[in-house]
S.K.: 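I'd like to ask you about the structure that follows.
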Amino acid sequence: MTQVMAETDLHRGETKAQHHPIRLYLVVWGWLFVLSTCSYLVDYFGLSGYLRWSLILLFMILKAGLIVAIFMHMAWERLALIYAILVPPMLILVFVGIMIFESNYTLLTRLLFFASGS
Amino acid sequence: MVDMTPTHIDAEIVRPAGLRGIVADWSSDQRAFKNVSWGKAMMWIFLLSDTFIFSCFLLSYMTVRMSTVVPWPNPSEVFALTIGAEKIPLILIAIMTFVLISSSGTMAMAVNFGYRRDRWKTAALMLATAALGATFVGMQAFEWTKLIGEGVRPWGNPWGAPQFGSSFFMITGFHGTHVTIGVIFLILMARKVLRGDFDQARRGFFTSRKGRYEIVEITGLYWHFVDLVWVFIFALFYLW
């Protein structure tokens, strides 16, 4: 009895959660194609410096956002799940900062000792 | 006998908005993820742990690339292909990106048809996703063969910093393994969908539990994650 009730609940839950038209996925798919083409063109035209960096990172973040929000349905989840999954990876940015500092230091010592030592 | 934990609560849960709602969801000895089944929550948590693994690879790659005094090989030239008479930079990687994005598109539609209980379309789209994934792995195998033929090794290469090879094989190898596992996972689940396991509430061979169409969405989460990781690898390894 409990099981039957649980299952009807499940089925209702499923139909309630999914009402997106296929069109939405096709539009997102199209955008992902456009954004990928843009980031490829950055390399094709050989842009360099800060322009290249900002464009690459911009297209990367837009693509990642579209995939997570629409394809992975994160946009329709409860805030409790969204925060539990998306906040921890933000801490990686701190790690990135630490490693940039560390690699600059390593590069400095290498330049100092390899250049003058031999 | 209740053989599965009821995971969907139909009644609307009234919570304050914003941060107060999160605190209310997480506190007082209750289930934190209210309307998310354990399967989906566990897949998300697994993907979070996988995020950290790939982040560590990309971070160590960033560190060796920033700290080396030897020039880094130019990926634009290393991954160029000569088609006809013209040398096109990075073309194979661009095609691989489009193949993987297309597979994500078919997967998203498979999830949608799964919830509409359209057995044939779901299975067909899942198999299309698997085929695109297998194409991706094939192109990666081609790329590896080409680079190994040109003398790239984890400890050196003809063009510059030796760390290029180790980063390349580690990162793309790990990603390729994920794609391969995803293809196997997709084929197994497509077979279950096609056989009508989720319509007849057939018990699984491995777990003896009744499956639900939600497994299509969980498989999809994994697959989209593989695509997501490629977005970062494409930007940070190939385009840097």
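Just so we're clear, the structure is a prediction, and the values are computed from it rather than from any experiment. Throughout, a chain's letter reflects where its sequence line sits, starting with A, and its residues are numbered from 1.
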S.K.: How far does CG of B/Leu228 sit from CE of A/Met72, to the nearest 0.5 angstrom?
M.R.: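 One finds 6.0 Å between CG of B/Leu228 and CE of A/Met72.
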S.K.: Can you tell which part of A/Ser48 gets under 4.5 Å to a heavy atom of chain B, answering side chain, backbone, both or neither?
M.R.: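 No part of A/Ser48 comes within 4.5 Å of chain B.
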S.K.: Tell me, for A/Phe71 versus chain B, whether the close heavy atoms (under 4.5 Å) come from the side chain, the backbone, both or neither.
M.R.: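 Contact with chain B is through both the backbone and side chain of A/Phe71.
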S.K.: Closest heavy-atom contact between B/Trp26 and A/Ala84?
M.R.: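 Reported closest heavy-atom pair: CZ2-CB, 3.7 Å.
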S.K.: Taking CD in B/Gln200 as the centre, count heavy atoms belonging to other residues, nucleotides or ligands within less than 6.0 Å. Is the count above 12?
M.R.: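 Result for CD/B/Gln200: enclosed.
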S.K.: For the CG atom of B/Leu59 and the CE atom of A/Met99, what is their distance to the nearest 0.5 Å?
M.R.: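 Spacing of CG (B/Leu59) from CE (A/Met99) equals 7.0 Å.
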S.K.: Quick check on the interface: out of A/Leu57, A/Ile92, A/Leu32, who has the most heavy-atom pairs with chain B under 4.5 Å?
M.R.: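 Greatest number of close heavy-atom pairs with chain B: A/Ile92.
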S.K.: Heavy-atom distance under 4.5 Å between the side chains of A/Tyr44 and B/Ile88, does that happen here?
M.R.: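 A/Tyr44 reaches B/Ile88 side chain to side chain.
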S.K.: State which residues pass salt bridge (Lys or Arg N to Asp or Glu O under 4.0 Å) with A/Arg110; sequence neighbours excluded, sorted by chain then number.
M.R.: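 Per chain and number, A/Arg110 pairs via salt bridge (Lys or Arg N to Asp or Glu O under 4.0 Å) with no residue.
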S.K.: What distance do B/Met62 atom CE and A/Glu102 atom CD have between them, rounded to the nearest 0.5 Å?
M.R.: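 Reported value, rounded in 0.5 Å steps: 9.5 Å.
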S.K.: Check whether A/Phe59 gets within reach of chain B through its side chain, its backbone, both or neither, counting any heavy atom under 4.5 Å.
M.R.: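 Neither part; nothing is under 4.5 Å.
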S.K.: If you count heavy atoms of other groups shown closer than 6.0 angstrom to CZ of A/Phe33, is the number above 12?
M.R.: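 Yes, CZ of A/Phe33 has more than 12 neighbouring heavy atoms, counting only those of other groups under 6.0 Å.
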S.K.: Need one label for B/Leu221: side chain, backbone, both or neither, based on atoms under 4.5 Å from any heavy atom in chain A.
M.R.: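 For B/Leu221, backbone and side chain are both near chain A.
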S.K.: Quick one: which of A/Thr106, A/Val28, A/Ile61, A/Ile67 has the most heavy-atom pairs under 4.5 Å with chain B, could you say?
M.R.: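 Maximum pair count with chain B is reached by A/Ile67.
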S.K.: Write down the atom of A/Tyr40, the atom of B/Pro89, and the distance for their closest heavy-atom approach.
M.R.: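 Residues A/Tyr40 and B/Pro89, closest heavy atoms: OH-O, 2.7 Å.
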S.K.: Shortest non-hydrogen contact from B/Ser67 to A/Ser103?
M.R.: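 Looking at all heavy atoms of both residues, the shortest contact is CB-O, 3.6 Å.
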S.K.: Show your reasoning for whether side-chain contact (heavy atoms from CB on, under 4.5 Å) applies to B/Phe33 and A/Glu77.
M.R.: CA-CA 9 Å; B/Phe33 304 125; A/Glu77 298 291 357; over 6 Å; no
S.K.: Counting heavy atoms not belonging to B/Phe52, are there more than 12 under 6.0 Å from its CZ?
M.R.: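 Enclosed.
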S.K.: If only atom types and distance count, is the side chain of A/Arg52 paired as donor or acceptor with the main-chain N or O of B/Leu239 below 3.5 Å?
M.R.: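 At least one qualifying donor-acceptor pair exists.
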S.K.: May I ask you to name which of B/Val231, B/Leu47, B/Thr97 has the most heavy-atom pairs under 4.5 Å with chain A?
M.R.: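 Looking at each option in turn, the highest pair count goes to B/Val231.
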S.K.: Flag yes if more than 12 heavy atoms outside A/Tyr105 fall under 6.0 Å of its OH atom; otherwise flag no.
M.R.: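 No, OH of A/Tyr105 has 12 or fewer neighbouring heavy atoms, counting only those of other groups under 6.0 Å.
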S.K.: First locate atom CD1 of A/Ile22, then atom NZ of B/Lys121, and finally report the distance between them rounded to the nearest 0.5 Å.
M.R.: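 Reported value, rounded in 0.5 Å steps: 8.5 Å.
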S.K.: So what's closer than 4.5 Å to chain B heavy atoms on A/Leu26: side chain, backbone, both or neither?
M.R.: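 Answer is side chain: those atoms of A/Leu26 sit under 4.5 Å from chain B.
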S.K.: Could you state the interatomic distance from CG (A/Leu81) to CD1 (B/Ile22), rounded to the nearest 0.5 Å?
M.R.: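 Here the interatomic distance stands at 10.5 Å.
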S.K.: Could you have a look at A/Leu35, A/Val42, A/Ile70, A/Ile100 and say which one has the most heavy-atom pairs with chain B under 4.5 angstrom?
M.R.: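 Winner by heavy-atom pair count: A/Ile100.
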S.K.: What closest approach, in Å, do A/Ile85 and B/Ile45 show between heavy atoms, and which atom pair accounts for it?
M.R.: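 Nearest heavy atoms, A/Ile85 then B/Ile45: CD1-N, 4.3 Å.
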S.K.: Counting only non-hydrogen atoms closer than 4.5 Å, does B/Arg65 touch chain A with its backbone (N, CA, C, O), its side chain (CB onward), both, or neither?
M.R.: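 For B/Arg65, neither part sits under 4.5 Å from chain A.
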S.K.: With a 4.5 angstrom heavy-atom cut-off, could you sort out which part of B/Ser102 is near chain A: side chain, backbone, both or neither?
M.R.: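 Both the backbone and the side chain of B/Ser102 come within 4.5 Å of chain A.
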S.K.: Could you tell me the separation between the CZ atom of A/Arg78 and the CG atom of B/Asp25, rounded to the nearest 0.5 Å?
M.R.: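 Here the rounded value is 4.0 Å.
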S.K.: So, for B/Ile101 and A/Lys63, which heavy atoms are closest and what is the spacing to 0.1 Å?
M.R.: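 Result for this residue pair: CD1-CE, 4.2 Å.
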S.K.: Can you list everything that forms a ring pair (Phe, Tyr, Trp, His ring centres under 6.0 Å) with B/Trp240? Sequence neighbours excluded, please.
M.R.: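 With neighbours one apart ignored, the set is A/Trp53, B/Tyr61.
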S.K.: How close do B/Phe234 and A/Ser39 get, heavy atom to heavy atom, and via which atoms?
M.R.: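 What the structure gives for the nearest pair is CE2-OG, 3.5 Å.
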S.K.: Can you check whether A/His20's main-chain N or O pairs, donor with acceptor, with B/Asn112's side chain at less than 3.5 Å?
M.R.: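 Flag set: sc B/Asn112 to bb A/His20 pair under 3.5 Å.
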S.K.: If you count heavy-atom pairs under 4.5 Å with chain A, which of B/Gly220, B/Ser104, B/Ala94 comes out on top?
M.R.: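 Heavy-atom pair counts peak at B/Ser104.
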S.K.: Would you mind checking which part of B/Phe113 comes under 4.5 Å of any heavy atom in chain A, side chain (CB onward), backbone (N, CA, C, O), both or neither?
M.R.: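 It is the side chain, since no backbone atom gets that close.
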